[in-house]
Amino acid sequence: MTAPLRELLLAPAPDVAPRLLGSVLVCARPGGTVALRLTELEAYGGQRGSDLPDPGAHTYRGRTARNASMFGPPGHIYVYFTYGLHHAVNFVCRPEGTGGGILIRSGEVVLGADAALRRRLANRSSQPAAAALARGPGNVAQALGLDRDEDGADLLDLGRAVDPAARAREALAEGTGDAWTGLVRPEQAPGGVVVTARTGVSGEGGTNAFPWRFALASDPTVSPYRRATVKKRRTR
DNA sequence: CAACCGATTATCT
DNA sequence: GATAATCGGTTGA
């Protein structure tokens, strides 16, 4: 039952993102399978001159080798590397050839916390709180064990190694809706969605002109809102 | 080809 | 609250 997900992801990211909140992403990787209940997402649009131009998106200046998967088929993932040390994961939206995606900013680890913790401890000395295991895009990618090697991968392949029935039972204790390999959607849309400007985006794209950050209200796994860091001149 | 800077995070003051 | 860490994509000379 994979068609509904593909169809859903044909729509513009700002329409799809709030509907994906509460879904459980199951990611089977070497080092352990982790299931993540999505609690914070950000939508990103397309190229300058397209039907959904987004000055805050990597796609804005057109297709490059780095962002090519954002222009690829919906239902695949775009993984990019930034700040010299972090990866971030997106669901690709819109028909192939059109740029767009949904950044996974935070989630609740509902399965495989041990694997997520092992990965997180590789880059820090102190023990992260349970709610912080996958809070923030860099931490999400690390907890799931995803990097540039998985850029362009089919979202549905990420959970392929997991038995769908067992996964659905464990990941969504209260019931499953459509059982997709890789992504399990809740039976009904969660209430209490908070909408804000996007975190860390500089320029026009980070303003209220693009209220494309969606989070579950009062959820401890949601990252705090931060403005884009002020550019500081590097001294030597 | 050199310089700039980012869809960030951990850690220190 | 401020800043270092760290690298490669993008830009402009």
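We name chains A, B, ... by the order of the sequence lines, and we start the count at 1 in each one. Given the structure is predicted, the values throughout are model-derived calculations rather than measurements.
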Exercise. Could you work out the separation of dC5(B) and dT3(C) based on their C1' atoms and round it to a whole Å?
Key: 15 Å
Exercise. For the pair Y80(A) and H58(A), name the ring-plane relationship: parallel under 30°, tilted 30 to 60°, perpendicular over 60°.
Key: perpendicular
Exercise. For D54(A) and Y44(A), indicate whether the former's side chain and the latter's backbone hold a donor-acceptor pair under 3.5 Å.
Key: no
Quiz item: Nearest 0.5 Å, what's the CD-CZ distance between Q127(A) and R120(A)?
Solution: 10.0 Å
Self-check item: Interatomic distance, R66(A) CZ vs dG9(C) P [rounded to whole Å]
Solution: 8 Å
Quiz item: Just wondering, do Y83(A) and dA5(C) stack (centres under 5.5 Å, planes under 30°)?
Solution: no
Exercise. Report yes or no: do T196(A) and R213(A) form a side-chain donor-acceptor pair below 3.5 Å?
Key: yes
Quiz item: Using a cut-off of 4.0 Å on non-hydrogen atoms, how would the nucleic acid contact of G56(A) be classed: base, sugar-phosphate, or nothing?
Solution: base
Quiz item: Which one, dG9(C), dA5(C), dT11(B), comes nearest to the side chain of L85(A)?
Solution: dA5(C)
Quiz item: Which nucleotide in the list dT10(C), dA7(B), dT9(B) gets nearest to the side chain of R226(A)?
Solution: dT9(B)
Exercise. Measure the distance from OH on Y225(A) to P on dT8(B) and round it to the nearest whole Å.
Key: 11 Å
Practice problem: State the pairing partner of dA5(C); accept Watson-Crick or G-U wobble contacts with both distances under 3.5 Å, and report none otherwise. | Solution: dT8(B)
Quiz item: dT11(B) phosphate, OP1 or OP2: any side-chain N/O from S125(A) under 4.0 angstrom?
Solution: yes
Quiz item: Does R61(A) place a side-chain N or O at less than 4.0 Å from the phosphate oxygens OP1/OP2 of dT11(C)?
Solution: yes
Practice problem: Give one of base, sugar-phosphate or nothing for N139(A), where a contact means two heavy atoms less than 4.0 Å apart. | Solution: sugar-phosphate
Quiz item: Atom CZ of R213(A) to atom C1' of dT8(B): distance rounded to whole Å?
Solution: 14 Å
Quiz item: Is the phosphate of dT9(B), meaning OP1 or OP2, less than 4.0 Å from a side-chain N or O of R135(A)?
Solution: no
Practice problem: Verify the contact: side-chain N or O of H86(A) to OP1 or OP2 of dT9(B), cut-off strictly under 4.0 Å; return yes or no. | Solution: no
Self-check item: Donor-acceptor under 3.5 Å (E108(A) side chain, L36(A) main chain)
Solution: no
Quiz prompt | Sugar-phosphate, base or nothing in reach of R120(A), heavy atoms under 4.0 Å | solution = sugar-phosphate
Quiz prompt | Sugar-phosphate only, base, or nothing, as touched by F81(A) at under 4.0 Å among non-hydrogen atoms | solution = sugar-phosphate
Quiz item: Atom NE2 of H58(A) and atom P of dG8(C): how far apart are they, to the nearest Å?
Solution: 15 Å
Exercise. Determine: side-chain N/O of R198(A) to OP1/OP2 of dA7(B), distance under 4.0 Å, yes or no.
Key: no
Quiz prompt | Sugar-phosphate, base or nothing in reach of R105(A), heavy atoms under 4.0 Å | solution = sugar-phosphate
Quiz item: Rounded to whole angstroms, how far apart are CG on L133(A) and P on dT9(B)?
Solution: 14 Å
Quiz prompt | Flag, side chain of D219(A) to backbone of L216(A), donor-acceptor distance under 3.5 Å | solution = no
Self-check item: OP1 or OP2 of dT11(B) under 4.0 Å from side-chain N/O of S126(A)
Solution: yes
Practice problem: Specify the separation, in whole Å, of atom CZ of R148(A) and atom C1' of dC7(C). | Solution: 13 Å
Quiz prompt | For atom CZ of R124(A) and atom P of dT8(B), their distance in whole Å | solution = 17 Å
Self-check item: Integer-rounded Å distance: dA7(B) C1' and H87(A) NE2
Solution: 14 Å
